[in-house]
Student: 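Here you go, one structure.
Just the heavy atoms: all of them, side chains too, but no hydrogens, waters or symmetry mates, feed the values below. Indexing begins at 1, ligand by ligand and atom by atom, following the structure's order.
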Amino acid sequence: MLLRTLSNLDDLAYYGKTVLMRVDFNVTIGKDNEIGEDYRIRMTIPSIEYLTKRGAKLILMSHLGRPKKTAEMEYKQTNKIQQYATSGIDINAIKQFSLLPVAKRLSELIQMYNVSFIDDCIGPKVQKEIDKMDRGDILLLENLRFHSGEELNDYNFSKELASLADIYVNDAFSVSHRKHASIYGGARLFDKKLAGLNLKKELEYLSMVKDDPVKPFILVVGGSKIKDKIGALENLLPKIDKLLVGGAMAYTFLNANGVRTGDSPIDYDHFQWIKNALSKYPDKIVLPIDHIVTSQSFLKLKQEESNEKKDEGKKGNENSTFDSLPSSVSSPSLVSSPSSSVSLKKGAIEEGLLGVDIGIETVQQYSSMISQNSNGLVVWIGPMGVFEIGLFRNGTNNIAKSMALAFWRGSKTIIGGGDTLDALKKAQVSELEVTHVSTGGGATLKFLAGDEMPGIEVLNKNH
Ligand code: AMP
């Protein structure tokens, strides 16, 4: 698809014009209003600078979290569901989803610009604020999802958004699979609608992976939800040289291959698809040969501890000696030391135990395949184990480090967003040691599956 991007308009076309840019500032905000990982904010800086330097008045819009769902829950809990149905979303009840802290972070990141914030995203108050803007100014609107019209792709809400500006830009790849007002309905109403620089970059890398991957091509896939990844796997398997499987998914693959997997969760909905894939591509699909195992109760205990730490808003010492395996474990005997409830199992897993991370031999095998794939392509989506818990993070940490090594040796390395970026950070691998970190989780998988991307298709439509 031929994509119209920022450079498709003359520089002068932006001068003095209002530009409405959809960004994805859906970042984690702690109880103290501290912003967590701000990669998504930083990735929009090139487009922001491109437009402001050309004299545009730049209006940024984004969603943050799921205020509607939270509000619905709160109303349900207080038996005020009737009130909810008639009143829409009560902004005061959902202050925790305000984008105000993001405006503050953005102005810290680009101190030379005048960044302001307005506590709504449509209406006369917003228009008044826009009228006050000078060329080069930036205005961040309040969370789009405070209006239910956003997710409903409501025509009137779309019209209100579109009335704010002369030019529309989408720089939010990670939401481009959604048919929401700020991505689709509103965008349709503009004559001038363009892809931002971050969206362009995402599409360049991900189109290469989908349509014409550099060879040899290794895909590393983990995490737990097979449902989300099956479309991408289906589409990519014919082009892949090796598929390295880890995470909870691996146990469904192993089970389908006739290996006993104990109490590990099995996804029977996709069991037959996996069986077929294993028989069609027996030489491509590589499965773990050993596992870090524990009991359901110990896993639960550790998960509760980890959630408590999060709730307290503490970062905690996630790499404390008790809680983590040595990052490059080389001998099985080392594994039993942190806790007797955790052990290393080769081959079958007995009843009462479940796999929570790839084992040491698997780590070695996967790491050497990844890091030796110089001049090839490695794409990594999803953690190798329950990486939120230090004890079960060894596999994920080592994959992150091998990705960095492959990059330094000349391989193209691409990381699917969400958990995988978090995993990279936990392994202390910089995003600069990877060719490309995608800002999208769900959008990346949908794009790789060849699914429709309304937010991208709308940019090339004339309505
Ligand atoms: P996904 O959203 O499908 O990429 O899954 C990410 C989640 O998978 C993370 O929260 C991990 O804790 C979880 N996960 C990875 N490996 C395992 C495993 N072996 N058992 C249970 N959960 C896992």
Student: Can you give the donor-acceptor pairs under 3.5 Å from side chains of residues 243-252 to other protein atoms, not counting sequence neighbours?
Tutor:
{"unit_1": "T252", "atom_1": "OG1", "unit_2": "D267", "atom_2": "N", "d": "3.0"}

Student: If we set the cut-off at 4.0 Å for heavy atoms, which region of V386 has an atom near ligand 1: side chain, backbone, both, or neither?
Tutor: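 Both backbone and side chain of V386 come within 4.0 Å of ligand 1.
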Student: Quick one: look up the protein heavy atom nearest atom 6 (C) of ligand 1 and list residue, atom name and how far away it is.
Tutor: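 Heavy-atom neighbour on the protein nearest atom 6 (C) of ligand 1: D419 OD2, 3.1 Å.
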Student: Just to verify, which of T420, T413, I414, L421 counts as forming a side-chain contact (heavy atoms from CB on, under 4.5 Å) with V434?
Tutor: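 It is T413, the one option of T420, T413, I414, L421 that forms the side-chain contact (heavy atoms from CB on, under 4.5 Å) with V434.
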Student: Which ligand 1 atoms does K225 reach within 4.0 Å, using its non-hydrogen atoms?
Tutor: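 Near K225, the atoms of ligand 1 are 1 (P), 2 (O), 3 (O).
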Student: Among all protein heavy atoms, pick the one closest to atom 5 (O) of ligand 1 and tell me residue, atom and distance.
Tutor: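 Protein heavy atom at minimum distance: S224 N, 3.0 Å.
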Student: Which ligand 1 atoms, with their elements, are less than 4.0 angstrom from a heavy-atom of G355?
Tutor: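 Answer for ligand 1: 18 (C), 19 (N), 20 (N).
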Student: Got the closest protein heavy atom to atom 14 (N) of ligand 1, with its distance?
Tutor: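 That would be G385 O, 3.8 Å.
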Student: Under a 4.0 Å N-O cut-off, is there an ion pair linking K302 with E305?
Tutor: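 E305 and K302: salt-bridged.
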Student: Which residue, K426, E433, E431, forms the side-chain contact (heavy atoms from CB on, under 4.5 Å) with V429?
Tutor: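 Filter result, single survivor: E433.
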Student: Heavy-atom contact under 4.0 Å between K229 and ligand 1?
Tutor: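 In this structure, K229 qualifies as a contact of ligand 1 - some heavy atom is under 4.0 Å.
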Student: Among all protein non-hydrogen atoms, which one is nearest to atom 11 (C) of ligand 1, and what is the separation to 0.1 Å?
Tutor: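 Sorting protein heavy atoms by distance from atom 11 (C) of ligand 1 puts E388 OE1, 3.6 Å first.
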Student: Hey, which of E150, R22, R178 is the one that makes side-chain hydrogen bond (donor to acceptor under 3.5 Å, both in side chains) with H63?
Tutor: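 Looking at E150, R22, R178, the match for H63 under the side-chain hydrogen bond (donor to acceptor under 3.5 Å, both in side chains) is R22.
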Student: At less than 4.0 angstrom from any non-hydrogen atom of Y251, what atoms of ligand 1 do you find?
Tutor: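 Per the distance check, 19 (N).
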Student: Using the ring of each side chain (for Trp, its six-membered ring), is H436 parallel, tilted or perpendicular to Y205, with breaks at 30° and 60°?
Tutor: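 Parallel, since the angle between the ring planes stays under 30°.
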Student: Is the ring pair F298/F392 parallel, tilted or perpendicular, if the boundaries are 30 and 60 degrees?
Tutor: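 F298 vs F392 ring planes: perpendicular.
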Student: Which of the numbered atoms in ligand 1 are under 4.0 angstrom from any heavy atom belonging to V356?
Tutor: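 Per the distance check, 19 (N).
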Student: Does any N or O in the side chain of E37 come within less than 3.5 Å of the main-chain N or O of Y39, such that one atom is a donor and the other an acceptor?
Tutor: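 At least one qualifying donor-acceptor pair exists.
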Student: Tell me: protein heavy atom nearest atom 17 (C) of ligand 1, and distance?
Tutor: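 Nearest protein contact, heavy atoms only, for atom 17 (C) of ligand 1 is A248 N, 3.3 Å.
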